[in-house]
Amino acid sequence: MAGGRLRLGVNIDHVATVRNARGSAWPDPLRAAILAETAGADGITAHLREDRRHIRDADMEALAAGIGIPLNFECAATEEMQAILLRLKPHAACLVPERREERTTEGGLDVAGDESRLAAYIAPLREAGIRVSMFIGHAPAQIEASARIGAAVVELHTGHYSDLHAEGRQDEAEAELAALRKGAALAQSLGLEVHAGHGLTYDNVAPVAAFPEVMELNIGHFLIGEAIYRGLGPAIEEMRRRMDEARGIR
Ligand code: PXP
């Protein structure tokens with residue numbers, strides 16, 4: 001059997017995307033986060049982007065103060081974000097690469113290529129008791145560099161696997177899964193907690209959820225979309241059910 005119950009982090013960024021499309025006050029990301037908590041989410045993830053295209057500073061303040069489950073604050077490794085992290089002191093900080101022209105976080109962070117800067121960047125976060133997570137691909141060099149700089153967690157980017165799966169490129173999706181699994185095992189052997197996320201849906205979540213090394217999945221876009229049809233609570237409950245099933249938990 002796979003390694004115990006998986007945590008589900010629900011990313012509520014796209015509640016803010018819908019709100020911002022009309023420049024109004026609703027739907028409110030905090031209300032969605034509280035609903036997610038009630039539906040069994042183990043954490044809330046939100047990404048404060050440099051351009052504030054969805055989540056805004058006031059949302060992060062409200063989430064930090066208003067939810068009873070851990071907040072995973074996703075951001076780029078910039079000075080501005082470091083200051084906000086040190087003020088809000090969320091449970092976790094997930095560092096991601098960010099480019100203004102991208103629609104979503106397209107690749108993993110280059111920890112190996114920016115190792116000394118990132119080591120210095122995360123030192124005060126660690127000192128403040130924030131669990132630092134690096135959002136990376138499965139390349140061993142990135143995993144090893146994340147361990148060397150003292151990150152607590154690596155979140156493995158499942159976006160490429162999800163794309164291959166959606167395009168019906170089954171052999172390539174299997175190969176990508178195998179590489180992710182190898183990366184998860186390496187990360188665990190180096191003492192890193194392993195998370196995964198990006199592009200996960202009801203149809204593609206099971207093989208990733210079954211990796212015994214993975215402790216947490218972070219899922220957003222699909223769940224917020226699915227909430228249109230079934231409501232946020234039932235959408236989350238169904239994901240929870242599929243994750244539990246993949247772990248052999250009934
Ligand atoms: N994890 C990280 C680090 C992300 O950047 C994102 C996307 O914001 C997710 C998980 C969730 O991805 P998705 O919205 O595709 O489920």
Side-chain angles (χ1 to χ4, degrees), residues 6-18 20 29 32-33 36 41-56 59-60 63 70-78 81 85 90-100 102-111 131-138 142-143 146 151-166 180 183-184 187 192-206 208-209 214-228 232 235-236 238-240 242-243:
L6 257 179
R7 290 198 303 269
L8 170 58
V10 174
N11 180 317
I12 44 96
D13 291 349
H14 296 304
V15 176
T17 302
V18 176
N20 297 355
D42 301 290
I44 297 297
T45 295
H47 184 177
L48 187 63
R49 294 186 76 103
E50 186 196 8
D51 63 8
R52 310 303 199 265
R53 72 173 69 155
H54 39 55
I55 293 291
R56 296 173 178 154
D59 294 321
M60 278 300 194
L63 290 167
L71 174 62
N72 181 30
F73 187 129
E74 211 186 300
C75 62
T78 63
M81 292 300 154
L85 286 167
H91 169 79
C94 180
L95 301 181
V96 302
E98 212 175 276
R99 289 188 299 118
R100 270 180 185 269
E102 70 191 357
R103 266 189 295 180
T104 181
T105 312
E106 283 169 0
L109 197 61
D110 182 11
V111 185
R131 280 179 78 70
V132 177
S133 168
M134 314 305 279
F135 186 51
I136 57 172
H138 50 60
Q142 300 300 345
I143 296 165
S146 299
V153 178
V154 287
E155 180 168 330
L156 297 178
H157 196 316
T158 54
H160 186 46
Y161 155 68
S162 301
D163 289 345
L164 291 168
H165 185 276
L180 285 164
L192 291 156
E193 184 173 310
V194 185
H195 299 178
H198 212 283
L200 296 175
T201 69
Y202 292 156
D203 286 342
N204 67 20
V205 73
V208 180
V214 173
M215 308 277 291
E216 176 176 312
L217 298 182
N218 283 300
I219 308 181
H221 182 258
F222 175 82
L223 286 175
I224 302 305
E226 191 65 14
I228 294 169
L232 187 57
I236 290 169
E238 175 62 14
M239 187 61 82
R240 172 88 262 159
R242 288 180 189 235
M243 287 163 56

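Numbering of ligands and ligand atoms starts at 1, following listing order.
Close approach of ligand 1 to I219 is summarised as follows: ligand atoms under 4.0 Å from at least one heavy atom of the residue are 16 (O). The distance from ligand 1 to the heavy atoms of F135 drops below 4.0 Å at these ligand atoms: 2 (C), 3 (C). Here is the list of ligand 1 atoms found below 4.0 Å of a heavy atom in N11: 8 (O). Near V96, with a cut-off below 4.0 Å to any heavy atom, the atoms of ligand 1 are 3 (C). Interface atoms of ligand 1 facing N218, defined by a heavy-atom separation under 4.0 Å, are 10 (C), 11 (C). Close contacts between ligand 1 and H221 involve ligand atoms 13 (P), 14 (O), 16 (O) [criterion: under 4.0 Å to a heavy atom].
Considering only heavy atoms from C-beta on, Q142 stays 4.5 Å or farther from M134 through its side chain. Counting only heavy atoms from C-beta outward, the side chains of V208 and L200 approach each other to under 4.5 Å.
A donor-acceptor contact shorter than 3.5 Å is absent between the side chain of T158 and the backbone of Y161. Side chain of N204 to main chain of H165: no donor-acceptor pair is present (N/O by atom type, distance under 3.5 Å, no hydrogens or angles). With S162 contributing its side chain and G199 its backbone, the two residues share a donor-acceptor pair below 3.5 Å.
Residue contacts with ligand 1 for E155 involve side-chain atoms from C-beta outward but no N, CA, C or O (heavy atoms, distance under 4.0 Å). When heavy-atom distances to ligand 1 are checked against a 4.0 Å cut-off, L223 has no atom that comes that close, whether in backbone or side chain. With a heavy-atom cut-off of 4.0 Å, E74 touches ligand 1 through its side chain alone.
Any N or O atom pair closer than 3.5 Å counts here, and G220 shares at least one such pair with ligand 1. At a 3.5 angstrom cut-off on N or O pairs, G199 counts as close to ligand 1. Below 3.5 Å of separation, one finds no N or O of H14 facing any N or O of ligand 1.
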Criterion side chain to side chain donor-acceptor pair (under 3.5 Å) on H47 and E98, from CA distance to verdict: CA-CA 10 Å; H47 184 177; E98 212 175 276; 2.8 Å; yes
I would like to know whether C75 and L95 meet side-chain contact (heavy atoms from CB on, under 4.5 Å); could you show each step before the answer? CA-CA 5 Å; C75 62; L95 301 181; 4.0 Å; yes
side-chain contact (heavy atoms from CB on, under 4.5 Å) between R53 and T17, worked out: CA-CA 7 Å; R53 72 173 69 155; T17 302; over 6 Å; no
